[in-house]
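Throughout, residue positions are numbered sequentially from 1 according to the sequence presented. These numbers were taken from a predicted model, which means no experiment stands behind them.
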Amino acid sequence: KYHINAVKLRGDAFPNAFEAVLEPNMLDPSLLQSNAEFIRQKKIVNHYIEQTKSYKSFSDNTIPILNKRLSVLGPDSELVKGAIAGAQNQNMKQKATMESLIKTHLALGNNILSILDILQNNKNNWVYEQSQLEFDSDELIEEFNIHYNTMIQNAQQVDILSEKLIEKL
């Protein structure tokens, strides 16, 4: 029961952190007018990155955790053997996809942080008017676009890998 509760708690924390990063106000230039807002958004993204790492650690240790929790039933328990074998089989089917998904989530978070850094460190070199973000230099536009486009690719890849992971259930 403890393991199931731990999975549920771990399962809630990561998606909640991901959902927070997907909020419509995230990276909204009209809101990024004060250092306080930059700090608030960076805190959300850093929490998402930490929850992603925590979820990876939990995922990597699922079998040992399950083994430890079920050890009270004894090493010869058919229930334990069956549960461990089933978990190992599922783990093997999903491992490569899960690893790619976690790496992509981390890349997404890091690209969002990079965009926030670009905007914060160059706040006197961009304006947001009439729903348009405009930069003072081509170099800044290029740097922003690289991270923005990569962020979009990361988000699309997260969707693809999430679907792939579900298919392997």
Side-chain angles (χ1 to χ4, degrees), residues 2-62 65 90-91 94-169:
Y2 175 81
H3 178 70
I4 292 169
N5 288 338
V7 169
K8 177 153 179 32
L9 288 173
R10 185 65 56 208
D12 288 346
F14 173 66
N16 290 345
F18 181 47
E19 287 296 318
V21 169
L22 299 177
E23 293 275 329
N25 63 354
M26 185 61 65
L27 294 177
D28 181 344
S30 68
L31 299 176
L32 293 171
Q33 302 301 317
S34 69
N35 278 334
E37 183 60 21
F38 279 104
I39 291 168
R40 186 187 77 76
Q41 289 195 20
K42 285 181 180 183
K43 185 176 178 180
I44 291 169
V45 178
N46 281 318
H47 179 69
Y48 162 59
I49 290 170
E50 288 306 312
Q51 287 301 314
T52 302
K53 290 176 182 176
S54 179
Y55 191 79
K56 180 190 182 321
S57 176
F58 183 77
S59 177
D60 290 347
N61 292 299
T62 298
I65 291 169
Q90 193 63 35
N91 222 11
Q94 295 179 325
K95 186 174 177 84
T97 304
M98 179 62 88
E99 287 176 358
S100 294
L101 180 61
I102 294 295
K103 285 180 185 176
T104 306
H105 271 289
L106 292 171
L108 175 62
N110 286 319
N111 275 297
I112 294 170
L113 283 178
S114 293
I115 291 168
L116 287 167
D117 285 340
I118 291 166
L119 293 174
Q120 185 176 26
N121 295 337
N122 296 284
K123 61 183 170 190
N124 296 326
N125 299 318
W126 62 270
V127 294
Y128 185 72
E129 296 176 339
Q130 300 174 355
S131 300
Q132 191 76 15
L133 183 61
E134 296 180 19
F135 294 95
D136 288 351
S137 72
D138 290 340
E139 294 82 17
L140 200 52
I141 292 170
E142 186 177 336
E143 183 181 5
F144 178 86
N145 284 339
I146 287 169
H147 290 287
Y148 185 81
N149 291 333
T150 304
M151 177 194 69
I152 296 299
Q153 291 170 352
N154 294 150
Q156 292 169 341
Q157 192 66 19
V158 162
D159 287 343
I160 291 166
L161 290 168
S162 295
E163 288 295 322
K164 202 177 209 182
L165 197 62
I166 291 168
E167 289 170 6
K168 293 181 187 240
L169 288 175

Please report the interatomic distance [atom1]([X]) to [atom2]([Y]), rounded to the nearest 0.5 Å.
X: Ile166; Y: Thr97; atom1: CD1; atom2: OG1; value: 11.5 Å
X: Ile112; Y: Met26; atom1: CD1; atom2: CE; value: 6.5 Å
X: Ile118; Y: Glu143; atom1: CD1; atom2: CD; value: 4.0 Å
X: Leu116; Y: Asn121; atom1: CG; atom2: CG; value: 10.5 Å
X: Leu106; Y: Lys53; atom1: CG; atom2: NZ; value: 6.5 Å
X: Asn154; Y: Asn110; atom1: CG; atom2: CG; value: 9.0 Å

Taking all heavy atoms of [X] and all of [Y], pick out the closest pair and write down the distance.
X: Val45; Y: Leu113; result: CG1-CG, 3.5 Å
X: Ile49; Y: Gly109; result: CD1-C, 3.8 Å
X: Val158; Y: Leu101; result: O-CD1, 3.7 Å

> Taking it one step at a time, do Met98 and Tyr55 satisfy side chain to side chain contact (heavy atoms under 4.5 Å, CB included)?
Replying inline: CA-CA 10 Å; Met98 179 62 88; Tyr55 191 79; 3.9 Å; yes
> With Tyr148, which residues qualify under ring pair (Phe, Tyr, Trp, His ring centres under 6.0 Å), at least two apart?
Replying inline: Phe144
> Who passes side-chain hydrogen bond (donor to acceptor under 3.5 Å, both in side chains) against Asn91, sequence neighbours left out?
Replying inline: none
>> Run the side-chain hydrogen bond (donor to acceptor under 3.5 Å, both in side chains) test against Asp60 and tell me which residues pass, sequence neighbours left out.
In response: Lys56
> Can you pull the side-chain hydrogen bond (donor to acceptor under 3.5 Å, both in side chains) pairs that have at least one residue in residues 17-37, sequence neighbours excluded?
Replying inline: Asp28-Ser30, Asn35-Gln120, Asn35-Lys123, Glu37-Arg40, Glu37-Gln41
>> Just checking Lys42: does its NZ atom have more than 12 heavy atoms from other residues, nucleotides or ligands closer to it than 6.0 angstrom?
In response: yes
> Tell me the ring pair (Phe, Tyr, Trp, His ring centres under 6.0 Å) pairs involving residues 16-37, sequence neighbours left out?
Replying inline: Phe18-Tyr48, Phe18-His105
>> Under the ring pair (Phe, Tyr, Trp, His ring centres under 6.0 Å) definition, can you give me all pairs with a residue in residues 150-169, not counting sequence neighbours?
In response: none
> Can you check whether Leu133's main-chain N or O pairs, donor with acceptor, with Trp126's side chain at less than 3.5 Å?
Replying inline: no
> So, the side chain of Ser54 versus the backbone of Glu50: is there a donor-acceptor pair under 3.5 Å, distance only?
Replying inline: no
>> Does any part of the side chain of Asp136, heavy atoms only, come nearer than 4.5 Å to the side chain of Asn122, both counted from C-beta?
In response: no
>> Measuring only between side-chain heavy atoms, which start at C-beta, is Asp138 closer than 4.5 Å to Ile141?
In response: yes
>> Would Asn111 and Leu108 count as a side chain to side chain contact (heavy atoms under 4.5 Å, CB included) here? Give the steps.
In response: CA-CA 5 Å; Asn111 275 297; Leu108 175 62; 5.7 Å; no
> Quick one: do Glu99 and Lys95 make a salt bridge, cutoff under 4.0 Å?
Replying inline: yes
